2 protein chains.
Amino acid sequence: MPRTESCAPKSPSFISRDGYLVGWLRYVSNHVSQAFARKLEDRGVTVAEWAVMRELYGVDCLAPSRLAGQLGLTRGAITKLADRLVAKSLATRTPDASDARAQTLALTAQGRGLVPKLATLADENDAKFFAHLSAKERSMLERVLKDIVRIRNLKSIPVD
Amino acid sequence: MPRTESCAPKSPSFISRDGYLVGWLRYVSNHVSQAFARKLEDRGVTVAEWAVMRELYGVDCLAPSRLAGQLGLTRGAITKLADRLVAKSLATRTPDASDARAQTLALTAQGRGLVPKLATLADENDAKFFAHLSAKERSMLERVLKDIVRIRNLKSIPVD
DNA sequence: TATTGTTATACTCTATAACTATA
DNA sequence: TATAGTTATAGAGTATAACAATA
C-alpha cells in the first residue's frame, strides 16, 4: 500500500519548470555515462580514460597539455588519467627530444587494439539512449553540443 | 616558442569521430555544471543540492524515495543531499504520520526564499551557454533531453 | 517478506595550488 | 619569468550493499 499522499503540488510556481537546461543535461549525461561505464567495466577502462584513448587514437602521439585543451580538463587531471593508462599498459609516455620539459603520450599496440572494441560499446550505448531520435534530431543534438564545445574552447582556453 | 610538432594525425581512422554522443554530452554537461557551481558557491549551495531544492519548490513536501525517482538517484544519495540541506537550514525532515518508516522533505522559509535567487543564476548560466542557439534549436534540445529522461524513467525505475 | 530510510564504504572525476625542472 | 608536467589535497557526486525499523 503506497503512502498517504499528503504533499500537494504548489501553485503558482514562481520559477519556470522549463528553461532549466543544466538540470536536464546533467540528468541525461550522468545516466548515459553511468550506463557506458558499466559497459566499459569489463574491459577495465573508465569513461574518462576512454575519452583520452579516443583522442590519442586519431594521432601518433599527443602532448598532455594539448590533450588537456582538447578535453577541457586541467593538466593535473590529464596526469592522473595518463598514469592509469600507462599502468594498464594502454599508453606510453615519451620524453620530447627537443624540450626536456615536454613529453608525448601515445597508445600502445594493446591500447590501439582496444579502441575499436570500446568504440563498439560506445555505439551500442549511444543507440540505447538516442536511437529513438529522428536523424534530424540526432544530428541537431550533435551539432548543438559540438558548437557549445567549440564556443567554450574559444572563450575559456584551459582555466588553470 | 611552441614545441616541435612531431605528432602527426593518423589516417585513416577506424572509428568515427562522430556518432559519439556520450563524449560531447559529458563535455558540455561538465562545463555547464562547473560554471553553474561557481555561481552557486556564493550562496553556499551545490548543483546537486539545487536540483533537490528545485524539486521541493513545486510541492509542499516530498518523500525522499519519490525524490530519488524524480532525480534518477539512489535513496542513499538523497539521504546525503537532504542531510546537507537540513544542516544548512534550507530543508526539514518530518516523520510521516501514517507510516513510521516514511518521512517527508520540505523547504524551510529560508530555503523557499532562496530558490528564486538561485533560479536567476540558473537562467544566467543557461543563457551563457545556450543563448547563441535559435529558439527552435533550444526548444528541440530541451525536448530531446526531456524525452530521454522520460524514456529512461519508464525503463529503469530507480536501479537500487 | 517487502519497503523506507540510513549508514558505511569506496571510487571516479575534477579542481586548485604549490612545486620541480627546464626554457 | 614563463612553460610543461607532477604532486598533494580536497570535495562533489554517485553507487553498492548491508542494516534497522516498520508494514
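Computed from a predicted structure; not experimentally measured. Chain A is the first sequence line, chain B the second, and so forth, proteins listed ahead of strands; every chain is numbered from 1.
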**OP:** Could you tell me whether the phosphate oxygens of D/dT14, OP1 or OP2, come under 4.0 Å of any side-chain nitrogen or oxygen in A/Gln34?
**Re:** no
**OP:** Ignoring backbone atoms, test whether B/Ser65 places a side-chain nitrogen or oxygen under 4.0 Å from the OP1 or OP2 oxygen of C/dG5.
**Re:** yes
**OP:** Rounded to 10°, tell me the angle between the two end axes of the helix from C/dT1-D/dA23 to C/dA23-D/dT1, each built from five pairs.
**Re:** 10°
**OP:** List for me each residue that meets side chain to side chain donor-acceptor pair (under 3.5 Å) alongside A/Arg43, sequence neighbours excluded, and say none if there are none.
**Re:** none
**OP:** Ignoring backbone atoms, test whether A/Arg93 places a side-chain nitrogen or oxygen under 4.0 Å from the OP1 or OP2 oxygen of D/dA4.
**Re:** no
Please list, for nucleotides 8-10 of chain C, all pairs of protein and nucleotide N/O atoms separated by less than 3.5 Å.
none

Original post:
Who passes salt bridge (charged side-chain N to carboxylate O under 4.0 Å, His left out) against B/Asp83, sequence neighbours left out?
Top reply: B/Arg93
Original post:
Using a cut-off of less than 4.0 Å, is there contact between a side-chain N or O of A/Thr74 and OP1 or OP2 of C/dT16?
Top reply: no
**OP:** Let me see the working for A/Arg138 and B/Leu21 under side chain to side chain contact (heavy atoms under 4.5 Å, CB included), right down to the final yes or no.
**Re:** CA-CA 9 Å; A/Arg138 210 191 135 92; B/Leu21 284 169; 4.1 Å; yes
**OP:** May I ask you to say what B/Thr46 touches in the nucleic acid, namely base, sugar-phosphate or nothing, with a heavy-atom cut-off under 4.0 Å?
**Re:** sugar-phosphate
Original post:
Among all residues two or more places apart in sequence or in another chain, which pass the side chain to side chain contact (heavy atoms under 4.5 Å, CB included) test with B/Ser139?
Top reply: none
**OP:** For A/Asn30 and for A/Ala77, find the nucleotide of DNA chain D with the closest heavy atom, then tell me which residue's nucleotide is more 5'.
**Re:** A/Ala77
**OP:** List for me each residue that meets side chain to side chain donor-acceptor pair (under 3.5 Å) alongside B/Gln110, sequence neighbours excluded, and say none if there are none.
**Re:** none
Original post:
Hey, is B/Arg66 close enough to B/Glu55 for a salt bridge, meaning N to O under 4.0 Å?
Top reply: no
Original post:
Reckon B/Arg26 has a side-chain N or O less than 4.0 Å from the OP1 or OP2 of C/dT14?
Top reply: yes
**OP:** Sequence neighbours left out, what passes salt bridge (charged side-chain N to carboxylate O under 4.0 Å, His left out) with B/Arg84? Give chain and number order.
**Re:** B/Glu49
Subject >> For B/Phe129, all residues meeting side chain to side chain contact (heavy atoms under 4.5 Å, CB included), sequence neighbours excluded >> reply: A/Ile148, A/Arg152, B/Val32, B/Ala35, B/Asn125
Could you write out each protein N or O paired with an N or O of nucleotides 21-23 of chain D at a distance under 3.5 Å?
unit_1: D/dA23; atom_1: OP1; unit_2: B/Ala100; atom_2: N; d: 2.9

**OP:** Using side chain to side chain contact (heavy atoms under 4.5 Å, CB included) as the criterion, list what pairs up with B/Ala37, not counting sequence neighbours.
**Re:** B/Val47
Original post:
Is the shortest side-chain N/O distance from A/Arg75 to OP1 or OP2 of C/dT16 below 4.0 Å?
Top reply: no
Original post:
Should B/Arg38 be listed as having a side-chain N or O under 4.0 Å from OP1 or OP2 of C/dA15?
Top reply: no
Original post:
Can you name the side chain to side chain contact (heavy atoms under 4.5 Å, CB included) partners of B/Thr120, sequence neighbours left out?
Top reply: B/Glu124
